[in-house]
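See structure below.
This structure is a prediction, so every number in the text was calculated from the model and none was measured. Start at 1 and go down the list; that is how both ligands and their atoms are numbered.
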Amino acid sequence: MKYISTRGQAPELSFEEAMLTGLARDGGLYVPSTWPTLSADEIAGFAGQSYEEIAFAVMKPFIGDTFGDDEFRAILKRAYASFAHAAKCPLVQLDDNHYLLELFHGPTLAFKDVAMQLIGQMFEAALKRRGERVTIVGATSGDTGSAAMEAFKGLDAVDVFIMYPHGRVSEVQRRQMTTPTEDNVHALAVDGDFDTCQALLKEMFNDFEFRDGVKLAGVNSINWARVLAQVVYYFTSAVSLGAPHRAVSFTVPTGNFGDIFAGYVAKRMGLPIDRLVIATNQNDILHRTLQSGEHAKTGVTPSISPSMDIQVSSNFERLVFDLYDREGAAIAQLFDALKDDGTFTLSQGAVDLLRAEFDSGKCTETETSATIKSALTQTGEVLCPHSAVGVKVANQQPKSATPMITLATAHPAKFPAAVKDACGVHPELPAHMADLFDRDERVTRVAGDLGAVQSVIRAGIKS
Ligand SMILES: *Cc1c(COP(=O)(O)O)cnc(C)c1O
């Protein structure tokens with residue numbers, strides 16, 4: 001399988017190269033040159049199989065010969081060994097025909113672990129074979145940083161440095177980043193806000209001497225390998241409700257559009273998905289796009305579902321590429337306009353295609369809290385605020401005989417204050433993290449200044 005850029009001007013890459021590169025050199029995102037398909041019989045054969053076996057079959061057509069079959073099976077086994085639930089991503093029933101897909105049983109309690117744990121193992125295997133080491137630097141407002149540190153800690157071929165805004169992440173989030181003891185992962189508390197951290201990251205990638213000197217790599221949400229890993233749980237959950245003999249629909253709490261795009265990929269591969277519903281909080285750029293065809297940035301308003309507080313939904317570009325029949329030049333034009341003017345308008349043909357596959361809904365702050373409360377009363381489930389946005393929007397959809405699966409993207413204990421305010425219950429950390437508040441913290445406080453951060457990174461790299 002070859003990978004091509006959505007903007008049509010970057011070289012074609014193999015899976016391994018696309019994974020290690022992240023962003024394409026023409027500013028676009030890598031996508032597979034075609035969508036591989038699985039037959040109904042192959043999908044039916046997934047019934048009763050383990051998560052890892054289904055993951056192998058779903059991902060194999062995309063990774064080609066990057067890993068041998070036995071090697072890839074071993075990678076999958078290592079990746080998901082850290083999950084605290086035997087089913088990895090279990091399904092829970094909420095109502096007659098509404099199900100919750102729990103994606104938060106990984107080590108940092110958010111769905112980011114599902115992809116990050118896997119790419120940690122894939123990076124390590126590919127880099128060892130190439131005899132290379134890389135330095136992964138990331139900026140986080142909360143969930144991605146700890147997921148990356150947990151995924152790469154203790155690996156030989158990678159050093160990880162995660163910048164977060166000092167004093168501006170929750171205590172659980174901070175402790176998840178400052179308590180890993182392995183000496184190849186480092187938390188940097190930067191003086192400034194999340195934008196400061198992101199700007200520093202961008203400057204580092206543009207400083208070619210530094211970039212080449214430390215072999216800088218990125219694992220942010222536009223990395224194709226992360227999207228791919230998320231395709232798997234659409235298959236496991238749909239099959240357990242009767243696919244391919246019965247269609248299902250999904251509602252996905254959405255920020256950067258990575259998770260729901262994985263659902264679109266599953267559908268392209270032949271999984272019978274009826275509706276894909278985009279659920280947004282008050283930062284509703286995608287909901288507005290579906291309604292009006294205009295994709296227009298506004299400022300971000302902080303919410304109680306902070307992992308969905310976004311201004312630009314990076315992975316949306318991958319979908320727009322398909323909506324425009326994979327015309328790279330058209331995509332470059334649209335996304336240049338977004339950068340320069342903060343907006344673009346989809347053609348009528350593109351809007352029709354978008355609405356043919358997706359629906360959308362928006363959930364206000366009050367509705368998020370009310371949904372946490374009503375879900376507890378009606379089902380006994382304690383939802384995190386992101387999952388509550390999904391459940392609310394799913395409930396707004398027209399009644400249908402097709403089962404609805406809402407993705408639960410984080411464990412409620414990751415957002416204890418919002419959950420307690422909404423329903424009066426203080427969500428407890430699961431057993432594998434119960435001692436989080438007793439562990440020693442290790443963090444480097446650093447000025448929000450490129451030179452300062454770069455010297456901390458240079459000094460911290462193992463050689
Ligand atoms: C990252 C995240 C999301 C948004 O996922 P995208 O792939 O960016 O759309 C939703 N909920 C939680 C808890 C997250 O961490």
Side-chain angles (χ1 to χ4, degrees), residues 29 89 100-117 119 138-148 150-151 164 169-170 172-173 176-177 194 219-234 250-266 276-287 289 300 303-319 358 360-363 368 372 382-394 406-416 418-419 427:
L29 279 68
C89 301
L100 195 66
L101 178 57
E102 293 186 348
L103 302 175
F104 50 72
H105 294 281
T108 72
L109 310 183
F111 86 94
K112 306 266 188 319
D113 289 325
V114 179
M116 207 65 97
Q117 285 291 319
I119 73 167
T140 189
S141 55
D143 295 335
T144 307
S146 57
E150 280 295 326
Y164 69 85
V169 297
S170 80
V172 173
Q173 288 174 325
Q176 286 184 327
M177 291 188 277
F194 176 57
V219 291
N220 56 16
S221 78
I222 51 113
N223 193 303
W224 167 253
R226 278 185 59 184
V227 175
L228 176 59
Q230 294 166 7
V231 177
V232 175
Y233 46 69
Y234 286 89
F250 288 93
T251 300
V252 186
T254 297
N256 242 325
F257 207 74
D259 209 359
I260 194 161
F261 187 73
Y264 168 82
V265 175
L276 283 163
V277 184
I278 300 163
T280 75
N281 66 21
Q282 58 194 0
N283 296 293
D284 61 347
I285 179 168
L286 289 166
H287 179 53
T289 304
V300 168
S303 78
I304 56 171
S305 44
S307 306
M308 292 154 61
D309 291 345
I310 50 103
Q311 159 100 279
V312 177
S313 214
S314 337
N315 279 295
F316 190 55
E317 179 166 341
R318 289 191 159 111
L319 179 68
F358 293 88
S360 68
K362 164 187 179 173
C363 179
T368 306
I372 294 175
V382 180
L383 300 175
C384 96
H386 308 79
S387 312
V389 167
V391 167
K392 172 71 189 175
V393 170
T406 296
L407 274 51
T409 52
H411 191 288
K414 226 171 164 171
F415 303 94
V419 172

*asked:* Using 0.5 Å steps for rounding, measure from the CD atom of Q282 to the OG atom of S305.
replied: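 Going from the CD atom of Q282 to the OG atom of S305 covers 7.5 Å.
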Residue pair [X] / [Y], side-chain heavy-atom distance below 4.5 Å:
{"X": "L100", "Y": "L383", "answer": "yes"}
{"X": "P306", "Y": "F415", "answer": "yes"}
{"X": "V265", "Y": "R318", "answer": "no"}

*Applying a strict 4.0 Å limit to heavy atoms, is F111 in contact with ligand 1?*
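Yes, F111 has heavy atoms under 4.0 Å from ligand 1.
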For [atom], the protein heavy atom that lies nearest, with its residue and separation:
{"atom": "atom 2 (C) of ligand 1", "answer": "K112 NZ, 2.5 Å"}
{"atom": "atom 7 (O) of ligand 1", "answer": "D259 N, 2.9 Å"}
{"atom": "atom 11 (N) of ligand 1", "answer": "T409 OG1, 2.9 Å"}
{"atom": "atom 4 (C) of ligand 1", "answer": "G255 N, 3.6 Å"}
{"atom": "atom 8 (O) of ligand 1", "answer": "N256 N, 2.7 Å"}

*Is there a donor-acceptor pair closer than 3.5 Å between any side-chain N or O of N256 and the backbone N or O of G258?*
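Between the backbone of G258 and the side chain of N256 there is no qualifying donor-acceptor contact (under 3.5 Å).
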*Donor-acceptor pair, side chain of H386 and main chain of S307, under 3.5 angstrom*: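 Checked: pair present.
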Output the list of atoms in ligand 1 that are nearer than 4.0 Å to some heavy atom of [X], sorted by atom number.
{"X": "F257", "answer": "6 (P), 8 (O), 9 (O)"}
{"X": "D143", "answer": "13 (C), 14 (C), 15 (O)"}
{"X": "G258", "answer": "6 (P), 7 (O), 9 (O)"}
{"X": "T254", "answer": "9 (O)"}

*State whether the shortest distance between N or O atoms of A410 and N or O atoms of ligand 1 falls below 3.5 angstrom.*
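No, there is no polar N/O contact under 3.5 Å.
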*Please indicate whether any nitrogen or oxygen in M308 is less than 3.5 Å from any nitrogen or oxygen in ligand 1.*
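N/O-N/O distance below 3.5 Å does not exist for this pair.
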*Distance-minimising heavy-atom pair for M116 and A147*: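 Here M116 and A147 meet closest at CG-O, 3.4 Å.
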*Grab the two heavy atoms, one from S221 and one from N315, that are nearest each other, plus how far apart they are.*
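Looking at all heavy atoms of both residues, the shortest contact is O-ND2, 3.1 Å.
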*Check each heavy atom of K414 against ligand 1 and say whether those closer than 4.0 Å belong to the side chain, the backbone, both or neither.*
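The answer is neither.
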*Among L407, T280, V391, V393, which residue meets the side chain to side chain contact (heavy atoms under 4.5 Å, CB included) test with P253?*
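Going through the options one by one, the only one that passes is L407.
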